[in-house]
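Note that this is a predicted model, so its numbers are computed, not measured. We count ligands from 1, going down the list as the structure has it; atoms in each ligand are counted the same way.
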Amino acid sequence: MSSSTTSTPQVLSLHALNRAALPIVDLAAPEEAPRILYDACRDFGFFYLINHGVPQALIDDMLAESKAFFSLPLGEKEKVSVRHNKINRGYTAFEEETLDPTRQTRGDTKEGFYLGREVAMESEEARSNPLHGPNVWPDPVKLPRWRPVMNAYFTALSSLGLRTVRLLLRAVGLPEHHLDDAFTRPMAALRLLHYSTQASNPSEGVYAAGAHTDYGMFTFLMTDHTPGLQVWRGGAEQEDGSWQAVPPVEGAFIVNLGDMLQRWTNDVFKSTAHRVVIQEATEEGRYSAPFFYEPNFDTLVACLPGFVKKGEVPRHVPVKSGEYLLGKYRHTHRDFVEKADDNNTLENHAGLHTQAK
Ligand SMILES: O=C(O)CCC(=O)C(=O)O
Ligand SMILES: [Fe+2]
């Protein structure tokens, strides 16, 4: 175990942005935003998003409540474990997830909590769709602000998700409402994460989060001041590129594209591999919160108009959004349990194996 040192916070301020590692999409600059977004999606698959309209106070509250939850005794956290839940909501313990089974000797050194879009238990939507239903909540006596804060953050990020989808459609020259039908019941998920205090050790296969690509449309990542996120720059193989650190930037979301957006655009836009490597032991561990914005369960993700040349065929077979996601969860989560009536079997579906390098 490494000695306990505190890593220096490396959060960049807004005026350091022009030296930052990634393109910056500014939602307050509607003239330039579509072009910068297009280039970022094609060349990086990652960008910083600023002037996004989510109040800093809400972001701070979300991170503070997340920290309060992870500070509870393990027994209290286990009461809301995903192991007791058939729609993947609740607490995931340290090492429960292994994002890169090919390289990791242990699970990710992080614990987490999944929240999704709230769907009433008895509704037709919950009955007929895997992964749909009500959230689970920590004890409101212990954490009275938790539920309202998480609900408010979830709502704000869902709006930002749709807004970003529409901006992307404008950027590719399609009507901005072209995909609205695919996001009427989005499979949005907020994942609170707490990384352990230990340093990662890639040569021994110990990662804070193993290399992976995200699965859906966009991921909006908020983190505390502790660095750790790295993005793959280069080709598909680890030999012909390198990992680039992406530092947290004050008030900015780090946004990346998921596999479904890559498939929708016939690989023109990139679902880029990333991982978390913590260089030095920290006193409290690192806190982050990715918000995954994915299309409706039933949306068939098939090449968008304009992304395949005349006479050519799309590079991917169409895939149903929810089934793609289920296949990924089965592959990476030790404690994933499914609804008994869920007979989706997608193990053989194209693209289910980790693409990350
Ligand atoms: O915590 C981070 O910085 C990244 C987490 C991540 O990539 C994920 O959960 O998909
Ligand atoms: Fe990710």
Side-chain angles (χ1 to χ4, degrees), residues 7 9-12 20-22 44-49 59 62-63 66-67 70 82 88 91-101 103-104 107-116 157 161 187-200 207-232 243-249 252-262 270-279 282 284-294 324-325 328-329 331-334 336 354-357:
S7 58
Q10 292 182 12
V11 68
L12 295 177
L22 296 177
F44 289 83
F46 263 85
F47 54 91
Y48 289 110
L49 188 67
I59 294 170
M62 179 277 294
L63 287 172
S66 169
K67 204 164 165 173
F70 290 119
V82 283
N88 207 41
Y91 175 67
T92 54
F94 282 108
E95 302 196 18
E96 185 273 341
E97 185 177 24
T98 305
L99 277 165
D100 184 6
R103 286 194 187 79
Q104 288 178 255
D108 299 353
T109 57
K110 67 178 195 301
E111 54 183 343
F113 194 101
Y114 270 108
L115 289 121
L157 270 285
M187 290 197 300
L190 171 62
R191 186 118 193 256
L192 308 172
L193 295 173
H194 173 223
Y195 293 89
S196 78
T197 55
Q198 72 190 109
S200 306
Y207 292 88
H212 64 284
T213 55
D214 288 352
Y215 315 146
M217 180 85 184
F218 285 118
T219 305
F220 299 82
L221 177 73
M222 187 49 67
T223 79
D224 69 4
H225 293 183
T226 312
L229 179 66
Q230 299 180 342
V231 172
W232 181 248
W243 291 100
Q244 177 191 321
V246 176
V249 168
F253 284 103
I254 297 167
V255 183
N256 64 288
L257 283 53
D259 301 341
M260 288 187 227
L261 184 47
Q262 175 164 333
K270 304 288 180 296
S271 174
T272 301
H274 51 286
R275 65 184 191 179
V276 179
V277 174
I278 312 259
Q279 303 287 0
T282 58
E284 296 197 334
R286 174 179 184 266
Y287 292 87
S288 77
F291 177 83
F292 303 102
Y293 194 66
E294 338 279 32
Y324 186 78
L325 206 62
K328 288 286 192 176
Y329 284 163
H331 200 63
T332 53
H333 280 289
R334 184 191 64 205
F336 183 55
T354 180
Q355 302 166 15
K357 295 293 163 201

Before signing off on this row, confirm whether R191 and ligand 1 have an N or O atom pair separated by under 3.5 Å. no
Selection from H194, H274, Q230 by shortest heavy-atom distance to atom 7 (O) of ligand 1: H274
If we only consider heavy atoms of P290, is any one of them less than 4.0 Å away from an atom in ligand 1? yes
Please name the residue in the list W232, W243, Y207, F46 that meets the ring pair (Phe, Tyr, Trp, His ring centres under 6.0 Å) test with H274. F46
Consider ring pair (Phe, Tyr, Trp, His ring centres under 6.0 Å). Of Y91, F113, Y287, which one does H194 pass it with? Y287
Ligand 1 contact on R286 by region, counting heavy-atom pairs under 4.0 Å: side chain
Proximity of L99 to ligand 1 by residue part, where a heavy atom lies under 4.0 Å: neither
For a distance under 2.8 Å, give residue and atom name for each protein N, O or S atom next to the Fe ion (ligand 2). H212 NE2, D214 OD1, H274 NE2
On a heavy-atom basis, the closest approach of F291 and A188 is CZ-CB, 3.6 Å
Would you indicate which of E97, H212, M222 comes nearest to atom 6 (C) of ligand 1 when only heavy atoms are counted? H212
To the nearest 0.1 Å, how far is atom 5 (C) of ligand 1 from its closest protein heavy atom, and which atom is that? Y195 OH, 3.6 Å
Please could you name the atoms of ligand 1 that S288 approaches to less than 4.0 Å, counting only its heavy atoms? 1 (O), 2 (C)
